[in-house]
K.L.:
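Before I ask anything, let me first share the structure, which is written out below as structure tokens.
Treat the numbers as computed from the prediction; the structure is a model and nothing was measured.
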Amino acid sequence: MPKIKSHSGCKKVFRTNKNKVTKIGKPGSRHNTGSKSTKFNRSCRKGSMLSKADQNRLKNII
């Protein structure tokens with residue numbers, strides 16, 4: 001039985017810490033930030049955590 005490869009797109013987006021909590025970046029922070037509000041841009045820097053349901057769904061991919 002061959003090994004399951006990790007998904008290349010997911011490797012670039014998700015980060016997992018030692019507690020197995022997956023951190024992701026906020027959407028909308030990549031481009032056209034000049035027209036977005038400063039409050040929105042500041043909140044996008046922090047990132048967010050992936051929900052427990054999504055972590056279970058993506059466990060095998062990462």
K.L.:
Considering non-hydrogen atoms only, spot the tightest contact between K20 and Q55 and give its length.
P.N.:
O-OE1, 3.3 Å
K.L.:
Enumerate, atom names and distances included, each donor-acceptor pair closer than 3.5 Å involving a side-chain atom of residues 4-16, sequence neighbours excluded.
P.N.:
{"residue": "H7", "atom": "ND1", "partner": "G9", "partner atom": "N", "Å": "3.3"}
{"residue": "H7", "atom": "ND1", "partner": "C10", "partner atom": "N", "Å": "3.3"}
{"residue": "R15", "atom": "NH1", "partner": "K11", "partner atom": "O", "Å": "2.9"}

K.L.:
What salt bridge (Lys or Arg N to Asp or Glu O under 4.0 Å) pairs are there with at least one residue in residues 39-51, not counting sequence neighbours?
P.N.:
none
K.L.:
Sub-3.5 Å donor-acceptor pair from the side chain of K59 to the main-chain atoms of D54, do we have one?
P.N.:
no
K.L.:
Is it the case that over 12 heavy atoms from other parts of the model lie below 6.0 angstrom from the NZ atom of K26?
P.N.:
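Yes - once you tally the heavy atoms of other residues, nucleotides and ligands closer than 6.0 Å, there are more than 12.
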K.L.:
Would you say N17's side chain and T22's backbone share a donor-acceptor pair under 3.5 angstrom?
P.N.:
no
K.L.:
Going by heavy atoms in the side chains, are S29 and N41 under 4.5 Å from each other?
P.N.:
no
K.L.:
Rest of the hydrophobic cluster containing M49 (Ile/Leu/Val/Met/Phe/Trp/Tyr, side-chain heavy atoms under 4.5 Å)?
P.N.:
V21
